[in-house]
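Please read these numbers as outputs of a predicted model, since none were measured by experiment.
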Amino acid sequence: MKIVVTPYSPAWDAAYKAEAEKIKNILGEECTAIHHIGSTAVPGLAAKPIIDIMPVVRDISKVDALNPSFEKIGYECMGEFGIPGRRYFRKGGESRTHQVHIFEAGNTRDIQRHLAVREYLRKHPDTARQYGELKTLFAQKFPSDIEGYCNGKDAFMKELEKLALQWADRPSP
């Protein structure tokens, strides 16, 4: 898979909304919330043009039975894929367009960290710009090496997540 980071596109929000409707239809009553997460959810942030979607469900164990419905709309069902308690789906093969990360409502740790990072980047445009520049640099340095690209961002991402969670936990004025 070629790693390409592009300037922010307002079309990403529309792509999220269209796909979120399809996902809500599959999940039905199990779905308690659905969020646009990741870099494409942050206006102005350069990103790989892959829409990350995070549905929250009542009971994660009921999601596996819905795999055929996800497959019908083009998703590859990947199970937990390295994060216990998650169900991960990806769409588009080598030209991936969407990734879905489903968590159970009780998994507040994973849900909170995704939302905190998104909100922190939305409220801190200088950090978002710095992150976008870093992603662009590593995409150019490792255009065909996703591991190299991810490793390059790793220290920044860990610090960003830590800052975002502290920021999200601060008392409101």
Side-chain angles (χ1 to χ4, degrees), residues 1-24 27 31 33-57 63 70 73-83 85-104 107-139 142 146-165 167-168:
M1 182 168 110
K2 179 134 174 66
I3 300 159
V4 177
V5 172
T6 64
Y8 176 78
S9 170
W12 293 341
D13 188 55
Y16 156 74
K17 288 175 179 163
E19 201 69 12
E21 281 307 308
K22 296 175 192 174
I23 292 166
K24 281 192 262 185
L27 295 172
C31 188
I34 192 161
H35 304 279
H36 186 186
I37 61 168
S39 296
T40 61
V42 180
L45 179 57
K48 291 183 299 190
I50 301 169
I51 309 301
D52 283 286
I53 302 170
M54 183 178 68
V56 178
V57 297
V63 173
F70 278 96
I73 64 166
Y75 282 93
E76 185 180 0
C77 309
M78 306 297 294
E80 289 185 330
F81 204 66
I83 299 179
R86 170 180 76 165
R87 293 302 180 273
Y88 174 71
F89 302 82
R90 60 189 184 194
K91 185 177 196 174
E94 286 297 308
S95 301
R96 190 167 314 148
T97 58
H98 298 79
Q99 300 180 128
V100 177
H101 314 262
I102 303 177
F103 293 102
E104 188 170 274
N107 185 347
T108 54
R109 182 189 168 278
D110 283 316
I111 294 166
Q112 177 63 18
R113 70 185 178 86
H114 284 293
L115 295 177
V117 167
R118 180 194 70 191
E119 289 307 306
Y120 186 86
L121 289 171
R122 284 178 174 175
K123 300 284 189 207
H124 296 86
D126 287 345
T127 304
R129 182 189 42 73
Q130 187 181 9
Y131 182 41
E133 289 170 359
L134 186 71
K135 291 193 306 175
T136 301
L137 172 74
F138 284 112
F142 302 105
I146 191 68
E147 197 173 309
Y149 171 79
C150 290
N151 288 342
K153 304 184 317 169
D154 189 57
F156 184 92
M157 277 308 301
K158 284 181 176 158
E159 187 60 28
L160 173 60
E161 187 175 294
K162 190 171 100 180
L163 274 172
L165 286 167
W167 175 81

message: Main chain of Arg96, side chain of Lys48: is a donor-acceptor contact present, judged purely on distance under 3.5 Å?
response: no
- request: Over 60° means perpendicular and under 30° means parallel, so classify the ring planes of Tyr16 and His36, tilted if in between.
  value: parallel
- prompt: Looking at OH of Tyr120 and CG of Leu165, how far apart are the two atoms once the value is rounded to the nearest 0.5 Å?
  reply: 11.5 Å
message: Could you measure the distance from the CG atom of Leu137 to the NZ atom of Lys153? Nearest 0.5 Å is fine.
response: 12.5 Å
- prompt: Is any side-chain N of the basic residue among Lys162 and Glu159 closer than 4.0 Å to the acidic one's carboxylate O?
  reply: yes
query: Does Ala46 offer a backbone N or O that forms a donor-acceptor pair with the side chain of Lys135 under 3.5 Å?
result: yes
Heavy-atom side-chain contact between Pro55 and Ile53 under 4.5 Å: yes
- prompt: Salt bridge or not for Glu133 and Arg129, using N-O below 4.0 Å?
  reply: yes
query: Checking Asp154 side chain against Cys150 main chain: does a donor-acceptor pair fall under 3.5 Å?
result: no
field: Thr108 vs Phe103 side-chain heavy atoms within contact, under 4.5 Å
entry: no
- line: Rounded to the nearest 0.5 angstrom, the CG-CZ distance for Asp110 and Arg86 is 8.5 Å
message: Looking at every heavy atom in both Ala128 and Leu45, which two are closest together, and how far apart are they?
response: O-CD1, 2.9 Å
query: Angle class for the Trp12/Tyr8 ring planes (parallel below 30°, perpendicular above 60°, tilted otherwise)?
result: perpendicular
message: Nearest 0.5 angstrom please: Ile34 CD1 to Leu27 CG, how far?
response: 7.0 Å
- prompt: Do Ile50 and Thr40 touch side chain to side chain, with heavy atoms closer than 4.5 Å?
  reply: no
- request: Tell me, with the steps shown, if Arg122 and Glu119 meet salt bridge (charged side-chain N to carboxylate O under 4.0 Å, His left out).
  value: CA-CA 5 Å; Arg122 284 178 174 175; Glu119 289 307 306; 3.0 Å; yes
- prompt: To the nearest 0.5 Å, what is the distance between CD1 (Ile102) and CD1 (Ile111)?
  reply: 11.5 Å
message: Let me confirm one number: the NE2-CD1 distance from His98 to Ile23, rounded to the nearest 0.5 Å.
response: 7.5 Å
- request: Apply the test side-chain contact (heavy atoms from CB on, under 4.5 Å) to residues Val63 and Glu104: give CA-CA distance (whole Å), side-chain angles for both, the deciding distance (0.1 Å), then the verdict.
  value: CA-CA 10 Å; Val63 173; Glu104 188 170 274; over 6 Å; no
- request: Using the six-membered ring wherever Trp is involved, compare the ring planes of Phe156 and Tyr131 and label them parallel, tilted or perpendicular (cut-offs 30° and 60°).
  value: parallel
- prompt: Should Leu121 and Leu160 be marked as a side-chain contact (heavy atoms from CB on, under 4.5 Å) after you check the CA-CA gap, both sets of side-chain angles, and the distance that decides it?
  reply: CA-CA 9 Å; Leu121 289 171; Leu160 173 60; 4.0 Å; yes
message: So Ile37 and Leu115, do their side chains get closer than 4.5 Å, heavy atoms only?
response: yes
Identify all side-chain donor-acceptor contacts of residues 74-83 below 3.5 Å with residues at least two apart in sequence or on another chain.
unit_1 : atom_1 : unit_2 : atom_2 : d
Tyr75  : OH     : Glu19  : OE2    : 2.8
Glu76  : OE1    : Arg90  : NE     : 3.0
Glu80  : OE2    : Gly85  : N      : 2.8

